[in-house]
Amino acid sequence: MSDTSEKFIAKSTIKAADLEHRRKINFNIGRYNAVVPQGKTQFDNVELAREKAKNVKWRAIETLDQQLEQFEKVFTSRGGKVLWAETTEQAIEEIVSICKEKNCKTLVKSKSMVTEEIHLNDAMEKHGIESIETDLGEYIQQLDGEAPYHIVTPAMHKSKEDVAKLFAEKLGTDPKLTPEQLTLVARNILREKYTEAEVGVTGANFILSDIGGVAVTENEGNARLSCAFPKTHIVVVGIEKMLPSVTDLALFWPLLSTFGTGQKITVYNTIISGPRQPGETDGPDEMYVILLDNGRTNILDNPKQRESLYCIRCGACLNACPVYKNIGGHAYGATYSGPIGSVITPNLMGMKDYKHLSFASSLCGNCTEVCAVKINLHELLLDNRAQSVEEGQTTFTERMAWKVWKIASLKRSMMNMGNGSLKNKVVNGIFKDWKKHRGDLDFSPKTFNEMWKERLAKTTNNRDEN
Ligand code: SF4
């Protein structure tokens, strides 16, 4: 068992028994469940909208090379710069080099999972640059020294009392502050940072190849401020966030907001297509887009798993997942949690260390049911499992167990050996690990062969009597 797998089991065992954690998650997901059906009523046919979105993403991903080149061509024609990063290290190197050139001491950052993926804040700290999260949820998590808990709602596991206590500890505020007062405290601190920062970093919800633009969706306006005040704007984005046309946003913006938070449309939707142009009053002097691969082309190379690149990170599958609702976002030990995280993480980070995530599913299919772009998540989880076996990522005990099982099931004489209680004793004694989280296996007192013989005898007797 890998280290990551052991940690996952240890953390999830604790979380699954933490009733207070479950109460908070159920409360927050309950609020989500109450508004999403309302949001969906804005679509005449929500199933058709999901199907259409899947088709658009299919086209974007199938022609990704051309779309990316088109994006680069148009974006650079307006003075933007595109940097291609194959790995986390390359992306960090580019960002550090830009920051050094701009003599950056403070960097403001809006909510972006891809910057979590490359651990941007830690890297900046190593280079003596203060990197401040400006999304309220992310700011709370940064204050607490924790990674985001959920891809849409980073501090979902914290109650308002938890946040008030945290602010009191870290910022010296009154522990009885209300959510509105806490928001004002954060706002006052962050407003100063926007004006101090030399560099602003954002992610992108979508990149638009036809107009060479970047689309950012947010509810707080912090992403706009992060790219409006600093003189340099850096966008870090995974290559899969591609949409062929700006007109696709008419479908994807409402889809993302409804499936993400139940809103008909998110509060701020911005399209940025380059640095400030001559005659314009707003915008940065320089704008960079870092197109990040970091394992995505491995997924692209796999015809079955390619579908997972359609994900628009709405978070609906996390909210629907019985496993996520029990163990929470941090137990996964990866940037992306929940069903989509369990699908992509083994392919992004390696089967050897992360295949266990694909096994952490009841395969109920709820994730597939709710996915905004109809990704067959539960089938991809199964495919990951098959792939891990094909790659030989199984333990010796597991291989032996299946070998013995195969031999036994192919031989009637072995299947007939011993009665039910003996089998219960032997099998439950051998598979102790299996039993840690499950009930005992319970064999039938009679073998199939015995039952079949009895049935045959009964039928023959009945026939003779008649
Ligand atoms: S897999 Fe589907 S439901 Fe899950 S985050 Fe991505 S788009 Fe949303």
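Start at 1 and go down the list; that is how both ligands and their atoms are numbered.
- With a cut-off of 2.8 Å, the protein N/O/S atoms near atom 4 (Fe) of ligand 1 add up to 1.
- Atom 7 (S) of ligand 1 has as its closest protein heavy atom Ile312 N, 3.5 Å.
- Using a 30° and 60° split on the angle between ring planes, Phe71 and Phe75 fall in the parallel class, below 30°.
- Side chain to side chain, Asn347 and Asn384 meet the donor-acceptor criterion of an N or O pair below 3.5 Å.
- Residues passing the side-chain contact (heavy atoms from CB on, under 4.5 Å) test with Leu225 are Arg191, Tyr194, Phe229, sequence neighbours excluded.
- Taking the ring axis of Phe8 as reference, the NZ or CZ atom of Lys11 does not stay both within 45° of it and closer than 6.0 Å to the ring centre.
- Applying the side-chain hydrogen bond (donor to acceptor under 3.5 Å, both in side chains) test to residues at least two apart or on different chains, the pairs with a partner in residues 146-162 are His21-Tyr149, Lys24-Asp162, Gln141-Glu146, Gln141-Lys158, Asp144-Lys158, Glu146-His157, Glu146-Lys158, His150-Asn319, Ser159-Glu161, Ser159-Asp162.
- Qualifying side-chain contact (heavy atoms from CB on, under 4.5 Å) partners for Val237, counting only residues two or more places apart in sequence or in other chains: Ala204, Ile207, Val235, Lys241, Val289, Leu291.
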